[in-house]
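The block underneath contains the structure these notes are about, expressed in structure tokens.
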Amino acid sequence: MLRPLGAEDGDSTLTFQKPLTRGEILKEISNFGEKNFICDEFAKPHESWQFAPSVSFAAANIMTFIYDGRAEIVSARLELSTECDGTVSRLSVEINDDGTLAEQILGLSKTEWRETLPCGTPLAGKRLYGYQKIIERVLAMALKAPELKSLTWKIYADEAGEPLLFSLSPYDGLEECQLHGRHPYCGKEKVKALLDKYLINSFYYERASWEWDFWEFKSFVTLCGYRGGEKSIMVPEELNGKPVSVIRSRAFAGRGIKRIAIPPTVKITADDAFAGCAPDCEITMMSRFALYKKIYRVIKKLPFCRTTAIFLKECWMETMVKKTSSPFQYLVKRIKKA
């Protein structure tokens with residue numbers, strides 16, 4: 001089997017099922033144009049996988065999905081290539097849990113259902129030798145890479161019945177899976193649970209920051225933009241427990257911001273990070289206020305002083321960083337609020 005190197009959608013493989021002369025092989029390859037190929041050599045499959053003389057290739061296409069720390073089989077189907085009266089057909093038939101084949105065969109070229117192979121051979125009820133061992137092996141391998149939630153394994157049994165994997169890819173064959181009536185992600189209920197866990201709960205509730213757009217990496221956060229309405233702002237030292245280390249270009253553009261305080265955690269700022277701010281925008285580097293931070297941390301740790309420490313921090317932010325009021329004005333405002 002020859003597969004085009006760096007194949008794009010629409011590129012197909014070239015399979016030689018019988019001995020050919022050098023000239024015949026070169027003629028077949030030349031039909032593909034100027035391409036580089038990867039050559040795969042397949043071991044002979046088990047006799048139970050050789051259904052008819054017209055079948056040139058057969059392999060199980062198994063989709064796995066990781067859910068709640070467990071690997072599950074989404075769908076399992078047998079893919080076949082046949083040649084009958086000079087016509088090559090790609091076919092797909094579901095594999096039952098016990099390794100037997102279903103009644104209906106799906107023709108992938110024309111998306112048609114049939115009960116036999118083009119040569120007339122039925123497949124319903126035929127059993128694939130070594131299928132249970134294949135399933136066990138696939139589930140065990142899927143758990144070795146739980147970050148890859150969905151994988152498609154193309155695998156078959158050799159003459160001794162041992163599983164042989166020859167292709168592995170993410171999200172391959174979703175359309176065929178649905179044509180066979182299978183849900184590509186183990187059903188609507190699990191999709192809902194996944195959305196709740198990874199999107200709704202984890203992002204919108206726990207991880208959301210409605211004021212800041214940011215990229216979260218393994219050990220730091222990159223700030224992409226401010227979406228709040230304040231005119232005097234302080235860039236947070238942390239988002240989701242990770243230090244804000246980078247500010248991207250035009251992160252504050254179009255918000256009419258007058259004052260921006262930058263914490264010492266920020267190590268890199270784009271050259272135009274503050275482009276688009278008000279002409280008289282004041283940029284303050286918080287490293288100047290390291291002493292105030294140390295005092296705040298000390299007071300915060302003292303018994304019964306947490307409220308006092310928070311009050312002093314907010315007062316310091318309003319008067320020293322944002323400069324929106326004097327200490328007296330801030331004190332009056334807090335008394336009125338109380």
Side-chain angles (χ1 to χ4, degrees), residues 1-5 7-18 20 25 28-29 31-33 35 37-64 73-96 99-128 131 134 138 150-158 163-182 184:
M1 176 179 281
L2 296 178
R3 292 183 290 121
L5 183 63
E8 299 177 356
D9 290 342
D11 287 337
S12 58
T13 56
L14 181 61
T15 307
F16 303 102
Q17 302 293 338
K18 57 185 179 180
L20 298 175
I25 292 175
E28 291 287 339
I29 294 176
N31 293 332
F32 275 76
K35 292 182 180 293
F37 290 90
I38 300 173
C39 181
D40 291 330
E41 184 176 352
F42 291 87
K44 188 176 181 181
H46 190 269
E47 60 182 2
S48 68
W49 294 62
Q50 301 174 32
F51 304 99
S54 63
V55 176
S56 58
F57 175 72
N61 187 311
I62 301 173
M63 290 183 63
T64 58
I73 301 295
V74 176
S75 71
R77 57 190 184 276
L78 185 72
E79 290 190 353
L80 308 99
S81 294
T82 67
E83 184 173 354
C84 187
D85 297 331
T87 302
V88 177
S89 303
R90 288 183 60 241
L91 307 167
S92 173
V93 57
E94 273 203 291
I95 306 173
N96 299 319
T100 58
L101 299 180
E103 295 183 3
Q104 294 292 312
I105 302 172
L106 175 63
L108 300 178
S109 303
K110 298 181 180 180
T111 315
E112 60 181 2
W113 292 96
R114 54 192 309 142
E115 295 182 355
T116 66
L117 296 177
C119 63
T121 303
L123 295 180
K126 292 186 179 295
R127 187 180 300 275
L128 299 174
Y131 179 71
I134 285 176
V138 164
S150 180
L151 288 171
T152 299
W153 312 75
K154 291 189 178 180
I155 192 167
Y156 66 101
D158 65 9
L164 281 178
L165 175 70
F166 69 91
S167 176
L168 175 63
S169 59
Y171 305 109
D172 183 30
L174 290 180
E175 293 181 3
E176 296 168 27
C177 172
Q178 293 176 78
L179 285 171
H180 280 287
R182 299 286 186 137

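Residue numbers count from 1 along this sequence.
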How about M63 and S150: do any of their side-chain heavy atoms sit closer than 4.5 Å?
-> yes

With T116 via side-chain contact (heavy atoms from CB on, under 4.5 Å) - residues at least two apart = P122

Looking at side-chain heavy atoms only, is the closest gap between I105 and L80 below 4.5 Å?
-> no

Please list, chain by chain and in numerical order, all residues satisfying side-chain contact (heavy atoms from CB on, under 4.5 Å) with E115, sequence neighbours excluded.
-> Q104

What's the shortest heavy-atom distance between I95 and A60, and which atoms?
-> CD1-CB, 4.0 Å

Say you draw a straight line from NE2 of H46 to CG of L164; how long is it, rounded to the nearest 0.5 Å?
-> 12.5 Å

Paired with I62, the side chain to side chain contact (heavy atoms under 4.5 Å, CB included) test is passed by just one of L165, V138, L151, namely V138

Can you see which heavy atom on L91 is nearest to which on G107, and at what distance?
-> CD2-CA, 3.7 Å

Taking salt bridge (Lys or Arg N to Asp or Glu O under 4.0 Å) as the test, write out the residues that go with R127, two or more places apart.
-> none

Residues G125 and T100: closest non-hydrogen pair is O-CG2, 3.8 Å

Student check: side-chain heavy atoms of W49 and L78 closer than 4.5 Å = yes

Which residues pass the side-chain contact (heavy atoms from CB on, under 4.5 Å) test with A102, sequence neighbours left out?
-> V93, E94, N96

Considering residues at least two apart in sequence or located in another chain, which fulfil the side-chain hydrogen bond (donor to acceptor under 3.5 Å, both in side chains) criterion with T121?
-> none

In chain order, what residues pass the side-chain contact (heavy atoms from CB on, under 4.5 Å) check against C84, with sequence neighbours excluded?
-> P118, C119

Heavy-atom closest contact (A58 atom, Y156 atom, distance) = O-CB, 4.0 Å

Measure the shortest side-chain to side-chain distance between L106 and R77 over non-hydrogen atoms and say whether it is less than 4.5 angstrom.
-> no

Count the heavy atoms of every other residue, nucleotide or ligand shown that sit under 6.0 Å from CD of E103, and state whether that count exceeds 12.
-> no

Set of side-chain hydrogen bond (donor to acceptor under 3.5 Å, both in side chains) partners for D158, sequence neighbours left out | none

Residues passing the side-chain hydrogen bond (donor to acceptor under 3.5 Å, both in side chains) test with W153, sequence neighbours excluded, are T64

